[in-house]
Participant: 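Could you have a look at this structure, given as structure tokens, before my questions?
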Number of protein chains: 2
Amino acid sequence: MLRRNEVAAGIKDYILRHHLKPGDLLPTEAELCEAVGASRSSVREAVKTLSALDIVEVRHGHGTYVGRMSLAALVESLAFRGLLSSEDDHLVLGEVVDVRQNIEQGFAPQVAQGLDTDQLARLRTLAAGMAEAAERGDDYLELDKQFHLLLMEPLGNDLIQQLTGAFWEVQSIVTPTLGSEHQGALTLTASLHMAIVEAAEARDAAALRTAVAAHYDPIRELIASVRRPSTA
Amino acid sequence: MLRRNEVAAGIKDYILRHHLKPGDLLPTEAELCEAVGASRSSVREAVKTLSALDIVEVRHGHGTYVGRMSLAALVESLAFRGLLSSEDDHLVLGEVVDVRQNIEQGFAPQVAQGLDTDQLARLRTLAAGMAEAAERGDDYLELDKQFHLLLMEPLGNDLIQQLTGAFWEVQSIVTPTLGSEHQGALTLTASLHMAIVEAAEARDAAALRTAVAAHYDPIRELIASVRRPSTA
DNA sequence: CCCCATTTGTTCGTATGTATG
DNA sequence: TCATACATACGAACAAATGGG
């Protein structure tokens, strides 16, 4: 009885055959049991698997719906891997930083050309808000996330938006294992975001690339300092 | 009783608290029930969720182990999203191609400098094998995948290796919905891979960037032709 | 080879929590 | 308040796979 993968595949087939779109309602568990020929428990476990992948979405007392297939699964898996490796040398965290930097640098030309005046103004507002928060000694996680999401907005590529958000979340989950952040690093990082804004306002792709690279220097330094406590 | 996320979090906590590494054996389902205070059904569903994310790995009749945390979940989620959107305009497939190209172009300098003679020789062998297969009219999926994985090898970044493999798999799953591939496209793509090899052998980062970009032209053309059948 | 213990896989029945009308 | 429909949770039983004596 290899119901395990069969049932999940059967449900995915059902979605494809009926041309269901994200948000559409799926049959009840009982009807799914009949459709794929399995018991409620097996269907439940299959639904649980698909739910973890955000292929379906379950709302208690309401029903099961086709999911929006977000990258929440990627976040959870990568974040946990990062937490595990944080006990050693924070290898995963460094790799995530590399990938984030490469994405933002690679699309610098399209970003520098594509940002409209409204998006540029919002970027400046976010960077200014980060500087103000740093002055008060507060962190600015949500501002930082919005900044990087907004930066990729002109690409019109939803996958890149989601990857940007996903890798940002992984980094924000794993970074605290490095230790406390100093206010000096907060202020510095805020100013580096403003430098990105100014390069974007100048439509200077090369300057944008270097500003993005410089923006990741503090986190790289922090990772390196933890790997060799002698320099700390 | 919102055991749902509690139990999964409890199991993840157990792994972190006991400093378990990928491949280590977890307690039996019965012991996990006692450890987190839930019924076997609930524990099983939580394990199923973690299994979908490759955080744990279950072997029938043997036990439950800490997983490798691969990006299989990302592949399954993205591939299904691509299959759903394939009924419309293949939006997701185009986005995946954009991301793949950006990654390979962005790391072109490190790749051009970092490839050793053995890796270059293997790249040439793979590209030659693709050309031979195209001559016979055969496809060369596995050769193509190995090619792109090998290209990223000198970076020494495991996350990039896995992302490369994951996006490659998504593309290979979704692409067949575009229609049959012509032998002409196969031969052309094979020669474009050889052009990448030659740019890498010359240690020419700029040439490598353009060769990588050109390599994605056929698939972009195929997507565009399906979106407007009038030009086909 | 068979037998047996261990462990996960599948199914069913029942009771409870939740949202809609 | 009540009724209905649904997902959630638990416990028990049996099936299937693995490994060792």
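Worth knowing before you read on, the calculation uses all heavy atoms, side chains too, and leaves out hydrogens, waters and symmetry mates. Keep in mind it's a predicted model, so treat the numbers as computed, not measured.
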Participant: Over how many whole Å does the gap from Leu32(B) atom CG to dG9(C) atom P extend?
Facilitator: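 Going from Leu32(B) (CG) to dG9(C) (P), I get 13 Å.
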Participant: To the nearest 0.5 Å, what is the distance between CZ on Phe167(A) and CZ on Arg100(A)?
Facilitator: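 The distance works out to 10.0 Å.
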Participant: Rounding to an integer number of Å, can you tell me how far Glu6(B) CD sits from dT8(D) P?
Facilitator: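 Rounded to the whole Å, the gap is 15 Å.
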Participant: With no hydrogens and no angle check, do the side chains of Arg220(B) and Gln101(B) hold a donor and an acceptor under 3.5 Å apart?
Facilitator: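 Side chains of Arg220(B) and Gln101(B): pair found under 3.5 Å.
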Participant: Return the minimal non-hydrogen interatomic distance between Thr175(A) and Leu93(A), and the atom names on each side.
Facilitator: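 Closest pair (atom of Thr175(A), atom of Leu93(A), distance): OG1-CD1, 4.0 Å.
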Participant: To the nearest angstrom, how far is Leu50(A) atom CG from dA7(D) atom P?
Facilitator: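 Computing the Leu50(A):CG to dA7(D):P distance gives 14 Å.
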Participant: Round to the nearest Å and state the distance from Glu29(B) atom CD to dC10(D) atom P.
Facilitator: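 That distance rounds to 14 Å.
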Participant: Distance check, rounded to the nearest 0.5 Å: Leu20(A) atom CG versus Leu25(A) atom CG?
Facilitator: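 Interatomic distance, Leu20(A) CG to Leu25(A) CG, rounded to 0.5 Å: 9.0 Å.
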Participant: If I take atom CD in residue Glu45(A) and atom C1' in nucleotide dC12(C), what distance separates them, rounded to the nearest angstrom?
Facilitator: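 Going from CD in Glu45(A) over to C1' in dC12(C) covers 14 Å.
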Participant: Please check the phosphate of dT8(C) (OP1 and OP2 only) for any side-chain N or O of Thr64(B) closer than 4.0 Å.
Facilitator: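 Indeed, a polar side-chain atom of Thr64(B) lies that close.
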Participant: Roughly how far apart are Lys48(A) NZ and Leu50(B) CG, rounded to 0.5 Å?
Facilitator: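 Nearest 0.5 Å value for the NZ-CG distance: 9.0 Å.
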Participant: Distance criterion of 3.5 Å, no angle test: do you see the side chain of His60(B) paired donor-to-acceptor with the base of dT8(C)?
Facilitator: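 Side chain to base: pair found, below 3.5 Å.
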Participant: Using a cut-off of 4.0 Å on non-hydrogen atoms, how would the nucleic acid contact of His62(B) be classed: base, sugar-phosphate, or nothing?
Facilitator: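 Here His62(B) touches the backbone only, sparing every base.
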Participant: Is the ring pair His148(A)/Tyr216(A) parallel, tilted or perpendicular, if the boundaries are 30 and 60 degrees?
Facilitator: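 Ring orientation, 0 to 90° scale: tilted.
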Participant: Please list, in numerical order, the residues of residues 14-28 of chain B that have a heavy atom closer than 4.0 Å to any atom of DNA chain C.
Facilitator: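 The answer is Thr28(B).
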Participant: Starting at CG of Leu78(A), measure out to CD of Glu169(A) and round the result to the nearest 0.5 Å.
Facilitator: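 Answer rounded to 0.5 Å: 11.5 Å.
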Participant: Nearest 0.5 Å, what's the CD1-CD1 distance between Ile55(A) and Ile15(A)?
Facilitator: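 Spacing of CD1 (Ile55(A)) from CD1 (Ile15(A)) equals 7.0 Å.
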Participant: For nucleotides 12-14 of chain D, print each protein N/O atom paired with a nucleotide N/O atom at under 3.5 Å, atom names and distance only.
Facilitator:
unit_1: dA13(D); atom_1: N6; unit_2: Arg40(B); atom_2: NH1; d: 3.4

Participant: When the distance from CD of Glu31(A) to C1' of dA7(D) is rounded to whole Å, what number comes out?
Facilitator: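 In whole Å, dA7(D) C1' lies 14 Å from Glu31(A) CD.
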Participant: Tell me whether the side-chain N/O atoms of Arg59(A) come closer than 4.0 Å to OP1 or OP2 in dC6(D).
Facilitator: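 Result: no.
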Participant: Please state how far atom CD in Glu57(A) lies from atom P in dT8(D), giving the value in whole angstrom units.
Facilitator: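 Going from Glu57(A) (CD) to dT8(D) (P), I get 11 Å.
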Participant: I want to verify a distance call: between dA7(D), dT8(C), dT11(C), whose nearest atom is closest to the Arg44(A) side chain?
Facilitator: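 Minimum distance to the Arg44(A) side chain belongs to dA7(D).
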Participant: Could you tell me the separation between the CZ atom of Arg81(B) and the CZ atom of Arg68(A), rounded to the nearest 0.5 Å?
Facilitator: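 Reported value, rounded in 0.5 Å steps: 10.5 Å.
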